[in-house]
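Have a look at the structure below, then the notes.
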Amino acid sequence: MGEGIASGRARLSRLLSDLKGEGGFAFCVLADAEGFPLAWAPPSSVQAEKRAAVVALIHKMAGEVRRLDLGRPDEITFRDRQGRRLICRPFQVGDRVLILAVLVPGRKCYRLLTRRAIRAIRLVLEN
Amino acid sequence: MGLQGNLHDMSVADLIQHNCQEGKTARITLLSEDEGQQAALFIEQGRLVHAEMGDQRGEEVVYALLGWEGGTFTLAPDIAPPARTIERSYTLLLLEGMRRIDEHKSAAEESGASGSEGVEPTRVSGAAGGGAMMDLVRDLKGIDGVKGVVFTARDGVVVAHDMEGDPEKQGAVAVFVGHAALQAGGCLDLGAFRWATVVTGKDITLVIEKPDYYVGLLLSEKASPVLVASKAQGVLEQGGGTEDG
């Protein structure tokens, strides 16, 4: 792995770790459209792979919606009976579609934090 | 010395998951018990990179193997893959494989007992549906912030609706979202799925799962999905649903 990529990954990991702490989220994962995790918090790689795969599955579902000419989903939310919300936000960096997903417990706010995180992720990946 | 075993004791999914999680490099040779088919999976440093069976190569082989319920396997460690035909992560392959198996089973069940139980769909004719379901549609449409309502059976057939535009498309969204929510919930140890939303520009689609169908509600831009979901659950429970939460 090149030094630039390694330092980029480290920056993304730090960014997600900060996002998790600031938002009080149960987890954060940044995945590509094929289900590979690029960065995650907390640092369990097995869990990250599983989460990234699920996020990619959700992204695939978003692709089906787009094919129906209903536009491209900006955000997909699942809420369970305990009130936890899995938020998936697809976004584009160059030609690449990535998805930031966070698990939000209870009534915590996430929109501003995830929007800021996506901006920061773009900066890391474009530089 | 390779490890040998029976697929009744360790499924193909378990074999893949175990070896990938352990970061192994190995070849897994599989032999089906009924048709005498042979297949091979190649794992390299914890990534499933190649699969072959007869003339077939790649992901489709994995999906076919996940459906095997019997047979034997032999695991040979440290064998390098002869080719690279798989791009996706193993977890995504397993999820997709499980989805295909579920779909296949549902289709088989439906063809075995067509129209015998579940929701008896009243096929849509214009903005319509039938009987009690149309009462529910009307009540849901009366909730503040709801612009349109569609009831969709799990196979994607629109059962009843009241919305402008294309109810078939909104019904399809409800089914896509509902299926994805169920899979995501199961894989991430979330509790049972209560509702989901898809935000597309200014449009918000709220999807609620019921035992026999999905309800898709098209919301106005300023509607609160939380409030609407809560009211809609109330309407659906009063309307004879079997909500358990």
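Residue numbering restarts at 1 for every chain, and letters A, B, ... go by the order of the sequence lines.
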- Item | Contact leader toward chain A among B:Asp203, B:Thr205, B:Val226, B:Val199, where contacts are heavy-atom pairs under 4.5 Å | B:Val199
- Query: Is B:Thr197 close to A:Arg79 at the side-chain level, that is, under 4.5 Å between some pair of heavy atoms?
  - Reply: no
- Message: So, taking the atom named CD1 in A:Ile76 and the one named OG1 in B:Thr200, what distance separates them when rounded to the nearest 0.5 Å?
- Response: 8.0 Å
- Message: Restricting to non-hydrogen atoms, name the atom on A:Asp74 and the atom on B:Gly201 that form the minimum distance, rounded to 0.1 Å.
- Response: OD2-N, 2.8 Å
- Query: Would the number of heavy atoms belonging to other residues, nucleotides or ligands and lying under 6.0 Å from CG of B:Asp144 be above 12?
  - Reply: no
- To the nearest 0.5 Å, tell me how far A:Arg85 CZ sits from B:Trp195 CH2. 7.0 Å
- Query: Crowded around B:Glu164 CD? As in, over 12 foreign heavy atoms under 6.0 Å?
  - Reply: no
- Task: Flag yes if more than 12 heavy atoms outside A:Glu126 fall under 6.0 Å of its CD atom; otherwise flag no.
- Result: yes
- Message: For a 4.5 angstrom cut-off between non-hydrogen side-chain atoms, does B:Glu87 reach A:Phe36?
- Response: no
- Item | Minimum side-chain heavy-atom gap B:Val177-A:Phe78 below 4.5 Å | yes
